[in-house]
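I have placed the structure first, in the form of structure tokens, so that the comments after it can refer back to it.
On a predicted model such as this, the values are computed, not experimentally measured, just so you know. We're numbering straight along the sequence, starting at 1.
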Amino acid sequence: MKNKVTQAKVKIRKGDLVKVIAGDSKGQQGKVQEVIVAKNRIIVEGINLVSKHTKPNAATPNGGIIKKEAALHISNVQLVDPKTGKTTRVGRKLNADGKLVRVAKISGEEIK
């Protein structure tokens, strides 16, 4: 019998502005480029850069070393409140249309 692994609800989405709260890039802000739900990781634009060695190919004839964003664990970032600019937790509420939307806990502002 297989154990069923349940995934937590990911409260951060592609395009959100987040701030790193732990690790080497602590204090930096950036836009989420990709969310990897299966591994609970995200890739943030310009944050957690690593050097990647590449072989010469058609795209890069010389090869060399490229700086590339590496994935961060979701627990190491926090969403930036669109109203106050501070980091905030994310809640969910029904809006006027009866649709479930994400809401910043600090200001109560809807996250677009």
Side-chain angles (χ1 to χ4, degrees):
M1 186 169 145
K2 277 189 174 179
N3 289 347
K4 191 174 183 182
V5 179
T6 56
Q7 290 288 328
K9 178 74 177 166
V10 178
K11 295 174 181 178
I12 295 171
R13 293 183 189 160
K14 184 179 176 178
D16 286 347
L17 183 66
V18 293
K19 185 174 185 178
V20 181
I21 56 171
D24 292 337
S25 303
K26 185 177 179 176
Q28 294 180 353
Q29 284 187 1
K31 211 172 198 177
V32 176
Q33 287 182 325
E34 185 183 347
V35 179
I36 307 160
V37 180
K39 294 184 177 179
N40 283 334
R41 293 187 163 270
I42 61 169
I43 296 173
V44 184
E45 190 177 313
I47 294 178
N48 196 24
L49 295 173
V50 292
S51 299
K52 183 166 171 51
H53 295 260
T54 57
K55 279 182 159 182
N57 59 23
T60 54
N62 295 335
I65 302 168
I66 324 171
K67 289 281 186 185
K68 187 179 179 186
E69 290 99 355
L72 288 164
H73 197 270
I74 288 179
S75 65
N76 293 339
V77 297
Q78 203 167 15
L79 194 82
V80 175
D81 191 334
K83 193 174 185 181
T84 63
K86 295 180 181 177
T87 57
T88 181
R89 291 179 295 143
V90 180
R92 293 164 72 195
K93 267 188 187 167
L94 287 171
N95 66 0
D97 304 332
K99 192 175 178 185
L100 201 61
V101 293
R102 296 181 304 152
V103 186
K105 288 277 192 174
I106 288 180
S107 64
E109 188 86 4
E110 184 180 324
I111 301 162
K112 305 257 179 325

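Side-chain contact check for Val20 versus Val18: every heavy-atom pair is 4.5 Å or farther apart.
In this structure, Val80 shares a hydrophobic cluster with Leu17, the cluster being traced through Ile, Leu, Val, Met, Phe, Trp and Tyr side chains under 4.5 angstrom apart. Other residues sharing a hydrophobic cluster with Ile21 under the 4.5 Å side-chain heavy-atom criterion for ILVMFWY residues do not exist; the residue is a singleton.
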I'd like a table of donor-acceptor pairs (distance under 3.5 Å, sequence neighbours excluded) in which one partner is a side-chain atom from residues 42-51, with atom names and distances.
residue, atom, partner, partner atom, Å
Asn48, ND2, Ala70, O, 3.4
Asn48, ND2, Ala71, O, 3.3
Ser51, OG, Lys67, NZ, 3.3

Atom pairs and distances, donor-acceptor, side-chain atoms in residues 93-102, under 3.5 Å, two or more places apart:
residue, atom, partner, partner atom, Å
Asn95, OD1, Asp97, N, 3.2
Asn95, OD1, Gly98, N, 3.3
Asn95, OD1, Lys99, N, 2.9
Arg102, NH1, Lys11, O, 2.9
Arg102, NH1, Asp16, OD2, 2.8
Arg102, NH2, Asp16, OD1, 3.2
Arg102, NH2, Asp16, OD2, 3.4

Using atom types as modelled, flag every donor-acceptor pair under 3.5 Å from a side chain in residues 82-89 to any protein atom, sequence neighbours excluded.
residue, atom, partner, partner atom, Å
Thr84, OG1, Asp81, OD2, 3.3
Thr84, OG1, Lys86, N, 3.3
Thr87, OG1, Gln78, OE1, 3.4
Thr88, OG1, Lys105, N, 3.2
Thr88, OG1, Ile106, N, 3.2

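Qualifying side chain to side chain contact (heavy atoms under 4.5 Å, CB included) partners for Lys39, counting only residues two or more places apart in sequence or in other chains: Ile36, Arg41. Applying the side chain to side chain contact (heavy atoms under 4.5 Å, CB included) test to Asn57 and every residue at least two apart in sequence or in another chain returns Ala59, Thr60.
Of the inter-residue distances, the one linking Lys19 atom NZ with Gln28 atom CD reads 10.5 Å to the nearest 0.5 angstrom. The CG atom of Asn76 sits 11.5 Å away from the CG atom of Asn40 when rounded to the nearest 0.5 Å.
Heavy-atom minimum distance, His73 versus Ser75: ND1-OG, 2.9 Å.
Under the 4.5 Å side-chain heavy-atom criterion for Ile, Leu, Val, Met, Phe, Trp and Tyr, Leu79 and Val103 are members of distinct hydrophobic clusters.
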